[in-house]
There are 2 protein chains.
Amino acid sequence: MIGVITIKDVKLQLGELCKQKRQIYEMSQEDLAVALDLSRYTIQKFENGKNATLDTVLKIVNHFDLLNNLYLALKDIENTNDINSLY
Amino acid sequence: MIGVITIKDVKLQLGELCKQKRQIYEMSQEDLAVALDLSRYTIQKFENGKNATLDTVLKIVNHFDLLNNLYLALKDIENTNDINSLY
DNA sequence: AATATTTGTGTATTATAATAAACAATTTAA
DNA sequence: TTAAATTGTTTATTATAATACACAAATATT
């Protein structure tokens with residue numbers, strides 16, 4: 001298999017997702033920061049794939065109405081019993 | 001609609017997921033902590049729905065081979081253009 | 001029942017995410 | 001092309017996640 005996904009990849013992808021959604025809603029980093037009661041620097045770092053806290057991530061996810069999706073995805077994973085259903 | 005999902009709900013669900021997967025693999029909190037080079041206290045707090053860092057979450061997700069799933073889910077969300085496809 | 005293992009909880013310390021402010025670099029609008 | 005807005009980066013400070021103990025409570029194991 002080519003291209004195993006790394007933790008860094010996921011952090012970069014999360015950052016991209018934030019940036020993309022933010023731009024769809026025509027918000028600046030500053031706008032988003034104010035809306036979520038976070039500093040612009042926190043948004044800035046997150047969008048560039050740096051580490052963050054779960055609260056920060058979930059605030060952002062929630063702001064773009066994706067919290068329910070995430071919750072259901074987690075429920076799904078929990079009910080998917082095991083290791084790589086490849087059979 | 002009844003029961004809007006909150007950030008706290010998602011953190012609790014993440015903790016549950018960790019606990020469940022860990023038990024499937026017959027690991028103690030200590031085992032998992034050692035495997036991921038984290039303290040048991042960090043695992044302990046995470047499983048009980050406390051705040052954590054993204055790195056901690058992704059280390060855990062990765063250990064249970066769910067990183068790829070998560071990445072694909074994020075890609076999916078990124079390509080799902082907009083607000084509640086309810087139409 | 002007694003012992004061993006695991007989990008929950010407390011305190012103190014360290015590492016680092018988050019904040020705040022300023023300024024440069026870049027992008028967008030006039 | 002200039003001005004305005006946005007984004008990137010730095011430094012210093014504060015808040016808090018993570019660590020490293022220890023010990024009690026709860027769950028298995030014998």
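Keep in mind the model is a prediction, meaning the values are calculated, not measured. First the proteins, then the strands, lettered A, B, ... as listed; each starts at 1. Keep in mind that the numbers below use all heavy atoms, side chains included, and drop hydrogens, waters and symmetry copies.
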- Tell me whether the OP1 or OP2 atom of dT7(C) has a side-chain N or O from Gln44(B) closer than 4.0 Å. no
- One should read off an interatomic distance between Glu78(B) CD and Leu14(A) CG, to the nearest 0.5 angstrom, of 10.0 Å
- Could you pull out all residues at least two apart from Phe64(A) that satisfy ring pair (Phe, Tyr, Trp, His ring centres under 6.0 Å)? Tyr25(A)
- Interatomic distance, Leu74(A) atom CG to Leu12(B) atom CG [nearest 0.5 angstrom]: 11.5 Å
- Lys50(A) NZ to dG8(D) P, straight-line distance once rounded to whole Å: 12 Å
- Asp76(A): side-chain hydrogen bond (donor to acceptor under 3.5 Å, both in side chains) partners, not counting sequence neighbours: none
- Task: Enter the inter-axis angle for the ends of the helix from dA1(C)-dT30(D) to dA30(C)-dT1(D) (five pairs per end, rounded to 10°).
- Result: 60°
- Query: Roughly how many Å is it from OH in Tyr25(A) to C1' in dT6(D), rounded to a whole number?
  - Reply: 21 Å
- Task: First locate atom NZ of Lys45(B), then atom OG of Ser39(B), and finally report the distance between them rounded to the nearest 0.5 Å.
- Result: 7.5 Å
- Task: Figure out the CD/C1' separation between Glu30(B) and dA4(C), and round it to whole Å.
- Result: 15 Å
- Query: Partners of Lys11(A) by salt bridge (charged side-chain N to carboxylate O under 4.0 Å, His left out), sequence neighbours excluded?
  - Reply: Asp55(B)
- Nearest-Å distance for atom pair CG/C1', residues Asn48(A) and dT10(D): 15 Å
- Applying side-chain hydrogen bond (donor to acceptor under 3.5 Å, both in side chains) to Gln29(A) and not counting sequence neighbours gives Gln44(A), Glu47(A)
- May I have the distance from Leu36(A) (atom CG) to dA18(C) (atom C1'), rounded to whole angstrom? 14 Å
- So, the side chain of Asn79(A) versus the backbone of Lys75(A): is there a donor-acceptor pair under 3.5 Å, distance only? yes
- Query: Would one find a side-chain N or O of Gln29(A) under 4.0 angstrom from OP1 or OP2 of dG8(D)?
  - Reply: yes
- Round to a whole Å and report the spacing from CD of Glu26(A) to P of dT28(C). 13 Å
- Message: I need a per-nucleotide contact map over nucleotides 11-30 of chain D, read 5' to 3'. Cutoff is protein heavy atoms under 4.0 Å; write B for the base, S for backbone only, - otherwise.
- Response: ------SBBB-B--------
- Query: Whole Å only: how far is the CD atom of Gln23(B) from the P atom of dT7(C)?
  - Reply: 7 Å
- Task: Kindly work out whether a path of hydrophobic side-chain contacts (I/L/V/M/F/W/Y, heavy atoms less than 4.5 Å apart) joins Leu70(B) to Ile24(B).
- Result: yes
